[in-house]
Q: 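Here it is, the structure in full.
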Amino acid sequence: MAHRDGIVKAKTRRSKRFLQSREPKLIEGQKSSMIIRGGNCSETVSQALKDVYALKKPNAVLYKRKNMVRPFDDSTALEFFSKKSDCSLFLFGSHNKKRPNNLIFGRMFDFHVLDMFELGIERFVSLRDVKMDTCPEGTKPMLVFSGELFETDREHQRLRNLLTDFFCGPRVSAVRLAGLEHVLHFTALEGRIYMRSYKVLLKKSGCRTPRIQLQDMGPSFDFIMRRSHMASDDLYRTAHKQPRGAKPKKKKNISHDAFGTRLGRLHMQKQDLDKLQTRKMKGLRKRRGEKTTTETPAAKAPRTDE
């Protein structure tokens, strides 16, 4: 690849394909996440990063080396990693005396930090501690958010949006019942956020609909909110803009009723029913000599004997 006037030009077919894959698309693909270890990292944080990476695979990149990064002071390194690995979501783990067992969830827009939330781990149960069957790799989880703070507080609303973006999984058009195997439950209560992970078990119920049972799969977190960095309202709206081609076109004269039935309205010109061609049947054919107009027969004179 050659650099000239700030424009990157490909010299080989391989580099051309690489640059085409990085170009903006009308419909973007699955978002990837980068999971980064900080300069100082405790055993709890290291295992937490590995467990989140296990939930996010294969759409995640795990950085095993330590990186001296302070996202809230200088996010240049994160933006460099984002551009290098083509990841728009990140999870950064660190540990120090002032903020022990620290996790930072964040996302990018145009390779610049959009939102960041710093959560401290107060309690952690790992996947290896539960020792239960896990879901297959790449399973799309069902997300459940409980608590009034997710509805009323602006900071928690933005955090809910970020967690949905981070854990939503691949976009699918349809899901079979047996594919609903994983549940992630987030609860906001008394200044803390509780994250629980369950595996869905389908048990026999004696009827067509199975009985649902949740089994604790791990990992489980008890978080406390620490610092946050939220984008301005203008930048946030800009990040949510969609191109015209991505928006579905509204179809005229089509509506749906309360039961979801699709209804259509047709506009036609006024028809002349006299010239309407009906179905040709033997019984409706005209015979030879048959008058087209029926005449009433004259009344017969009464018969007399004279």
Q: Once you round to the nearest 0.5 Å, how far does CD1 of Ile193 lie from CD of Glu122?
A: 11.0 Å

Q: Nearest 0.5 Å please: distance from the CZ atom of Phe109 over to the OG atom of Ser82.
A: 12.0 Å

Q: In Å, rounded to the nearest 0.5 Å, how long is the span from CG of Leu143 to CZ of Phe166?
A: 12.0 Å

Q: For the residue pair His182 and Met217, establish whether any side-chain heavy-atom pair is separated by less than 4.5 Å.
A: yes

Q: Taking NZ in Lys140 as the centre, count heavy atoms belonging to other residues, nucleotides or ligands within less than 6.0 Å. Is the count above 12?
A: yes

Q: Do Ser33 and Cys87 have side chains that get closer than 4.5 Å, going by heavy atoms?
A: no

Q: Arg192 and Met225: side chain to side chain contact (heavy atoms under 4.5 Å, CB included), yes or no, with the steps?
A: CA-CA 7 Å; Arg192 284 172 174 75; Met225 183 84 78; over 6 Å; no

Q: Any heavy-atom pair between the side chains of Ile254 and Arg262 that's under 4.5 Å?
A: yes

Q: Going by atom types alone, do Asn161 and Gln157 pair a side-chain donor with an acceptor below 3.5 Å?
A: no

Q: By the rule that ILVMFWY residues connect when side-chain heavy atoms come within less than 4.5 angstrom, directly or transitively, which residues belong alongside Leu149?
A: none

Q: Tell me if the centroids of the rings in Phe117 and Phe105 come within less than 6.0 Å of each other.
A: no

Q: Identify the residue among Arg99, Arg226, Lys98 that makes a salt bridge (charged side-chain N to carboxylate O under 4.0 Å, His left out) with Glu118.
A: Arg99

Q: Would you compute the distance between atom NZ of Lys56 and atom OG of Ser32 and round it to the nearest 0.5 angstrom?
A: 8.0 Å

Q: Just by modelled atom types, is the Phe221 backbone N or O under 3.5 Å from a matching donor or acceptor in the Arg196 side chain?
A: yes

Q: Side chain of Asp51, backbone of Leu127: donor and acceptor closer than 3.5 Å?
A: yes

Q: In the hydrophobic clustering (ILVMFWY, side-chain contacts below 4.5 Å, transitive), which residues join Met34, or is it alone?
A: Ile36, Val61, Tyr63, Val69, Phe72, Leu78, Phe80, Phe81, Phe90, Phe92, Ile104, Met108, Val113, Met116

Q: Check the pair Arg160, Phe145 against side chain to side chain contact (heavy atoms under 4.5 Å, CB included), reporting the backbone distance first and the verdict last.
A: CA-CA 8 Å; Arg160 180 186 65 180; Phe145 291 90; 3.5 Å; yes

Q: Any side-chain donor paired with an acceptor under 3.5 Å for His185 and Thr187?
A: yes

Q: Is there a side-chain contact between Leu49 and Arg37 in this structure, where contact means two heavy atoms from C-beta onward sitting under 4.5 Å apart?
A: yes

Q: Rounded at 0.5 Å granularity, tell me how far NZ in Lys83 sits from CD in Glu79.
A: 9.5 Å

Q: Could you verify whether a donor N or O on one side chain and an acceptor N or O on the other, from Ser232 and Asp234, lie under 3.5 Å apart?
A: no

Q: About how many Å separate CD of Glu181 and OG1 of Thr139, when rounded to the nearest 0.5 Å?
A: 5.0 Å

Q: Knowing that exactly one of Asp153, Asp165, Asp115 qualifies, which makes a salt bridge (charged side-chain N to carboxylate O under 4.0 Å, His left out) with Arg158?
A: Asp115

Q: Run His256 and Thr261 through side chain to side chain contact (heavy atoms under 4.5 Å, CB included) and show every step you take.
A: CA-CA 5 Å; His256 296 80; Thr261 306; over 6 Å; no

Q: Are Leu103 and Val125 linked, directly or through intermediate hydrophobic residues, by side-chain heavy-atom contacts shorter than 4.5 Å (ILVMFWY only)?
A: no

Q: Would you say the side-chain atoms of Asp73 pair up with the backbone N or O of Pro71, donor to acceptor, closer than 3.5 Å?
A: no

Q: Check the surroundings of atom CD in Glu148: do more than 12 heavy atoms from other residues, nucleotides or ligands lie under 6.0 Å from it?
A: no

